[in-house]
Amino acid sequence: MLDPLILSRLQFAWVVAWHIVLPAFTVGLASFIAFMEGRHLFTGNATYLRISSFWTKIFAISFGMGVVSGIVMPFQFGTNWSRFSDAAANVVAPLLAYEGLTAFFLEASFLGVLLFGRNRVPPWVHFFAALMVAIGTLSSSFWILATNSWMQTPAGYEIIDGRFFVKDWFEVIFNPSFPYRLAHTVVAFYITTGFVVLGVGAWLIRSGRATGAERPMISMTLWFLLFLVPAQMVIGDQHGLNTLKYQPVKLAAIEARWDTASRAPLTLFALPDQARQTNHFNIEVPWLGSLILTHELDGTIRGLNEWPRDQQPPVAIPFFAFRIMVGAGLLMLTLVIAGNLLRIKGRLYGNRVFLIACQWAAPLGFVAVIAGWTTTEVGRQPWTVYGLLRTVDSVSPSLTGGNVLLSFVGYVIVYLIVFPSGALLMARVIRQGLNGGRNLEPVEGGTPQAPIAALAATLKEQRT
């Protein structure tokens with residue numbers, strides 16, 4: 001009744017699903033802060049300083065939560081997945097070590113300067129620290145995704161006595177799916193951050209806590225998203241072509257395509273029935289599946305029936321997760337287009353419906369990221385290392401269901417304390433607004449300005 005394999009998978013999914021929302025936010029937010037620091041350094045505009053200071057507080061909380069939730073994941077490789085660790089350690093361990101040597105080195109070295117050095121170092125040093133933290137988060141994404149991509153499309157290895165050994169590190173790191181997965185994931189993280197920024201800015205305006213800095217914050221984010229969201233769709237299309245070539249059974253599961261077909265339809269909705277190897281209540285668009293998935297009208301989509309049932313992923317999960325991801329992407333594209341049309345008409349900040357929509361859309365990026373991760377990881381099953389090492393052969397041999405259930409319950413309790421607590425702290429910072437909860441002080445000309453911005457302007461005058 002207590003299968004240690006199923007419980008170990010559920011435990012890992014629980015930990016990763018909570019953890020992934022943090023890099024999905026902090027990777028983009030670190031770059032956003034670095035951009036604002038640069039704008040302030042080169043223009044002297046105190047508005048960018050206020051925006052950066054506000055989001056740095058939120059970054060500090062989310063980064064701390066990310067470290068706490070992420071540090072436990074590698075332990076599971078030893079406790080729950082020891083046979084995977086034994087087989088793949090020669091490849092996976094160095095890649096994770098490279099993350100520590102690059103990403104954590106940069107973040108640990110410069111995060112303190114970013115958080116506490118505002119009035120202790122010159123502005124250019126503070127900007128440099130923000131830039132290094134942003135590069136550190138991107139470096140972490142690079143190595144983690146290199147590891148995951150190798151497990152999806154292994155390359156550059158040889159197997160000796162059941163263990164993987166590296167033949168070519170370049171092929172290991174830059175395996176066939178890595179460039180597409182890296183681009184797709186990092187852009188998704190940037191988009192996720194962008195919609196959080198939009199949602200927070202919209203709430204501050206509607207709640208009467210606006211200080212004047214929210215408008216340029218929303219405006220710049222909309223310009224970024226106008227480029228990033230369509231770019232993500234192009235990257236996703238290329239990633240799909242890569243999946244068709246290297247993981248065709250995953251693509252068949254995503255489309256719930258049971259029989260091989262040319263001029264295959266695009267399945268908009270269905271209820272996959274894996275036991276009978278068929279779908280119920282199909283809603284399809286003729287020929288469009290081959291055109292989108294292969295870029296050829298006569299393109300062939302291999303069906304799941306070409307693989308034995310014990311090599312097929314659980315179809316329903318990637319099928320619906322993929323459609324949730326695409327649906328979230330289309331909603332985000334619609335909102336970005338609407339926002340830029342309102343900008344043209346000069347009604348961007350006064351349109352109540354748009355501001356409310358931005359608030360409700362703030363979690364959409366997280367939804368898309370989790371759905372995309374679910375599609376990728378469940379679609380890889382039943383393999384840990386695709387086509388080479390099964391998940392059932394990766395779990396620790398001495399585990400019992402009771403052991404895993406006990407640790408799983410512990411993770412559930414701790415995460416349900418840590419994450420709501422962190423969310424409440426971030427909500428408190430947001431409620432204080434860009435002026436840090438202090439009353440705005442009038443300056444010359446009657447324009448309200450936060451004390452920190454006024455201080456920055458005074459310091460600039462003194463330097464001049």
Side-chain angles (χ1 to χ4, degrees), residues 6 9-10 13 17 152 177 180-181 184 188 229 232-334 361 363-383 386-387 391:
I6 298 298
R9 292 176 63 184
L10 289 174
Q152 301 276 351
S177 67
Y180 304 95
R181 200 178 311 280
H184 193 52
V229 175
Q232 178 71 321
M233 294 182 174
V234 175
I235 295 168
D237 176 67
Q238 295 302 308
H239 193 10
L241 292 176
N242 180 266
T243 303
L244 174 67
K245 181 177 180 180
Y246 291 99
Q247 294 180 298
V249 66
K250 178 190 289 188
L251 190 68
I254 289 171
E255 290 300 307
R257 180 64 47 204
W258 302 100
D259 299 311
T260 299
S262 299
R263 297 195 176 187
L266 180 68
T267 304
L268 300 179
F269 178 82
L271 294 179
D273 185 344
Q274 195 147 9
R276 295 180 175 85
Q277 302 279 283
T278 188
N279 294 332
H280 305 290
F281 307 108
N282 277 4
I283 301 176
E284 299 179 333
V285 180
W287 296 1
L288 194 57
S290 289
L291 185 61
I292 290 177
L293 298 174
T294 70
H295 291 191
E296 296 177 3
L297 188 60
D298 295 323
T300 299
I301 307 298
R302 296 174 65 186
L304 286 158
N305 288 327
E306 289 195 19
W307 288 269
R309 292 200 181 196
D310 66 349
Q311 294 184 21
Q312 296 177 5
V315 174
I317 297 175
F319 177 82
F320 287 111
F322 180 79
R323 278 148 185 79
I324 291 171
M325 179 186 69
V326 171
L330 292 175
L331 287 174
M332 289 188 283
L333 179 64
T334 301
L364 273 181
F366 297 109
V367 172
V369 166
I370 294 176
W373 168 78
T374 302
T375 302
T376 295
E377 297 307 307
V378 178
R380 177 182 58 185
Q381 296 303 317
W383 308 99
Y386 185 75
T391 306

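For the side chain to side chain contact (heavy atoms under 4.5 Å, CB included) with Q238, the qualifying choice from L241, I235, N242 is L241, the only one to do so.
For the side-chain contact (heavy atoms from CB on, under 4.5 Å) test, residues two or more places apart in sequence or in another chain that qualify with V367 are I324. When the side-chain hydrogen bond (donor to acceptor under 3.5 Å, both in side chains) test is applied to Q152, the partners found at least two apart in sequence or on another chain are Q247, K250, E377.
By the 4.5 Å heavy-atom criterion applied to side chains, Q311 and V249 are not counted as neighbours. Residues T294 and L244 have side chains in contact (heavy-atom distance under 4.5 Å, counting atoms from C-beta outward). Residues P313 and W383 have side chains not in contact (no heavy-atom distance under 4.5 Å, counting atoms from C-beta outward). Contact annotation: the side chain of F320 approaches that of L271 to within less than 4.5 Å [non-hydrogen atoms, C-beta and beyond]. When side chains are defined from C-beta on, T376 does not count as touching F322, because their heavy atoms never get closer than 4.5 Å.
The two residues V315 and Q274 come nearest to each other via the heavy atoms N-OE1, 3.0 Å. In terms of heavy-atom proximity, A253 sits nearest to L304 at N-CD2, 4.0 Å. G303 and T260 get closest at one heavy-atom pair: N-OG1, 3.0 Å. Scanning both residues, I370 and A17, for their nearest heavy atoms gives CD1-O, 4.1 Å. Of all the heavy atoms in P318 and T375, the pair that sits closest is O-OG1, 3.9 Å. Across every non-hydrogen atom of V229 and G329, the tightest pair is CG1-O, 4.3 Å.
Using modelled atom types and a 3.5 Å distance limit, the side chains of Q381 and T391 yield a donor-acceptor pair. Judged purely by distance below 3.5 Å, without hydrogens or angles, the side chains of Q277 and Q312 pair a donor atom with an acceptor atom.
Panel note: side chain N305, backbone W258; a donor-acceptor pair is recorded below 3.5 Å. Listed for the T267 side chain is no donor-acceptor partner under 3.5 Å among the backbone atoms of E284. Remark: the backbone N or O of A264 is paired with a side-chain donor or acceptor of S290 at under 3.5 angstrom. For the pair R323 (side chain) and F319 (backbone), a donor-acceptor distance under 3.5 Å is present. In terms of modelled atom types and a separation under 3.5 Å, the side chain of R257 and the main chain of P265 share a donor-acceptor contact. Between the N279 side chain and the A256 main chain, a donor and an acceptor come within less than 3.5 Å of each other. Judged by distance alone, with hydrogens and angles left aside, the side-chain atoms of E296 form no donor-acceptor pair with the main-chain N or O of R263 at under 3.5 Å.
One finds no salt bridge joining R302 and E255 here, because no Lys/Arg side-chain nitrogen approaches an Asp/Glu carboxylate oxygen to under 4.0 Å.
Here the straight-line distance linking atom CG of L291 with atom CG of D298 works out to 10.0 Å at 0.5 Å rounding. The structure places OG1 of T243 at 6.0 Å from CD1 of I254, a figure rounded to the nearest 0.5 Å.
For Y180, the OH atom sits in a loose shell: 12 or fewer heavy atoms of surrounding residues, nucleotides or ligands are nearer than 6.0 Å. When the shell of 6.0 Å around CZ of R276 is examined, it contains 12 or fewer heavy atoms from other residues, nucleotides or ligands. The number of heavy atoms from other shown groups lying within 6.0 Å of CH2 (W287) does not exceed 12.
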